[in-house]
Number of protein chains: 2
Amino acid sequence: MALEHAILVSLLEKPGSGYELARRFERSIGYFWTATHQQIYRVLKRMESEGVLAVREVPQQGRPDKKEYSVADPGRAALSRWLHEPIEPESLRHDLAVKIRGAAFDDPAALVDEVERHHRVHSDRLARYLAGELRDFTGPDAPAPLDTGQELQHVVLRGGIAYERMTIAWLDDVLATLRALGAPTGARGGPQDGRPGPSV
Amino acid sequence: MALEHAILVSLLEKPGSGYELARRFERSIGYFWTATHQQIYRVLKRMESEGVLAVREVPQQGRPDKKEYSVADPGRAALSRWLHEPIEPESLRHDLAVKIRGAAFDDPAALVDEVERHHRVHSDRLARYLAGELRDFTGPDAPAPLDTGQELQHVVLRGGIAYERMTIAWLDDVLATLRALGAPTGARGGPQDGRPGPSV
DNA sequence: GCTTTCTATGCAACTCGTTGCATAGGCAAG
DNA sequence: CTTGCCTATGCAACGAGTTGCATAGAAAGC
């Protein structure tokens, strides 16, 4: 149900079309939410029919017309209600962690490239977040007295930065572990487990 | 699709019933995966019908019979194939981050209780992970020369520990920010920067 | 001229995941 | 002795999310 609320927050911050929302969620810093455009269009339509959003057709030149959505009063109320409800703390589901444990039944060294690729992606993300932070919050061009919304956006972004830094450090740890297992020198490690090894 | 692979890995580590898998995923340390029992039963049934799993009916005394699943050769092959495919790096979807940004349009102070609750949950999880690490990997009772599977389980667990520590630190940051916004009088009560407070 | 990319919206079909409910014996607390 | 919890499996319905496809004009590169 949280996509609905993410849309409400995003539209309160700035009204926009389904397409624009998709891009905010997809690439933007500070939302930490993903959704495809199909999902967004579908939910927008439902929310509009329920009266929590208002639409305005905006004719454009040189590009297709768009439907600009904004939050109606019932939407604001729904968001407020949700903010006062408790939500479940996240449990992370990390596909890569499954792969790492699975590598015990295959060749651990074969995962190195994959882990390095993830490392690059997270490093790029971190760089993008840090650039955004400098631009919007801590740089010389940022508004000096931040308002409430900006303070809150900043603390969320700091969360994203902390997450990427933690992930990068962990991936370094993973790489070191995989390499130690691949090059068994002396006492530690080595594929000498008692399990059925890499078949297939 | 990764639930299938998480099940394969878990069953390779140790065969078990749907019920047992549900508990491993639900509460256990080191999997970082969640699934309800219904989902697991459904997928197990499909995987069995596809021939990637084998079932064995195990009669029990004092409790209902169970179906113990184990990985068949095609399952091992499927896992191996998956391990060599690239996967998308995760993008985190944090409901709480949406709430925090949404609080700009409501009362930020009202989120304090919720954030504190999440803080407690993550602290408990961290304590559980650390206890597990001591028990299985770094304590005096842990097997001294870890085998490949154990090394990999340990590095995944270290990831969980790093995640919880990062999250707890971030929630501290969030709490400090919320409190600074709620008590605007103090010229510099802020967590790190000495910026002036809110101006809603 | 042709292909690709960007803006912009949408349908159809599918899988993934959650919630509510049902069954059923054993066990422990009140 | 009744209520509730634990083990163990499962159906039905719904909502969330993904993938493939379709349309369509404008701009930019080959």
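By convention in this document, chain letters (A, B, ...) are assigned in the order of the sequence lines, proteins followed by strands, and residues within each chain are numbered from 1.
Ion pair E85(A)/R117(B) not flagged as a salt bridge, since none of the NZ, NE, NH1 or NH2 atoms sits closer than 4.0 Å to an Asp/Glu carboxylate oxygen.
Distance CG (L44(B)) to P (dG17(C)): 14 Å, rounded to an integer number of Å. Rounded to an integer number of Å, the gap from CG of D95(B) to P of dA16(D) is 12 Å. Between the CZ atom of F25(B) and the P atom of dT18(C) there is a distance of 13 Å, given to the nearest Å. Between the CZ atom of R46(A) and the P atom of dC14(D) there is a distance of 14 Å, rounded to whole Å. Taking atom CG on L3(B) and atom P on dT18(D), their separation rounds to 16 Å, with Å as the unit. Straight-line distance from the CD1 atom of I7(A) to the P atom of dA16(D): 11 Å, rounded to whole Å. Between the CZ atom of R93(A) and the C1' atom of dA16(D) there is a distance of 12 Å, given to the nearest Å.
By the ring pair (Phe, Tyr, Trp, His ring centres under 6.0 Å) test, H119(B) is found to be paired with no residue, residues two or more places apart in sequence or in another chain being considered. Listed by chain and residue number, nothing satisfies the ring pair (Phe, Tyr, Trp, His ring centres under 6.0 Å) test with F105(B) (two or more places apart in sequence, or in another chain). By the ring pair (Phe, Tyr, Trp, His ring centres under 6.0 Å) test, H94(A) pairs with W170(A), sequence neighbours left out. With sequence neighbours excluded, the residues forming a ring pair (Phe, Tyr, Trp, His ring centres under 6.0 Å) with H154(B) are F137(B), listed by chain and number. Partners of R46(B) according to the salt bridge (charged side-chain N to carboxylate O under 4.0 Å, His left out) rule, which considers only residues two or more places apart in sequence or in another chain, are E4(B), E50(B). Listed by chain and number, the residues in a salt bridge (charged side-chain N to carboxylate O under 4.0 Å, His left out) with R165(B) amount to none (sequence neighbours excluded).
The side chain of Q39(B) contributes no N or O atom lying less than 4.0 Å from OP1 or OP2 of dC16(C).
Note that the two end axes of the helix from dG1(C)-dC30(D) to dG30(C)-dC1(D) enclose an angle of 30°, each drawn from 5 base pairs, rounded to 10 degrees.
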**Request:** Heavy atoms under 4.0 Å is the rule here; annotate nucleotides 3-11 of chain D 5' to 3' with B where the base is hit, S where only the sugar-phosphate is, and - elsewhere.
**Result:** ----BBBBB
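R42(A) contributes a side-chain N or O that forms a donor-acceptor pair with the base of dG17(D) under 3.5 Å.
The 12-atom threshold is not exceeded at CD of E88(B), counting heavy atoms of other residues, nucleotides or ligands nearer than 6.0 Å.
For residues 61-86 of chain A, the ring-ring contact (aromatic ring centres under 6.0 Å, His included) pairs, not counting sequence neighbours, are H5(A)-W82(A).
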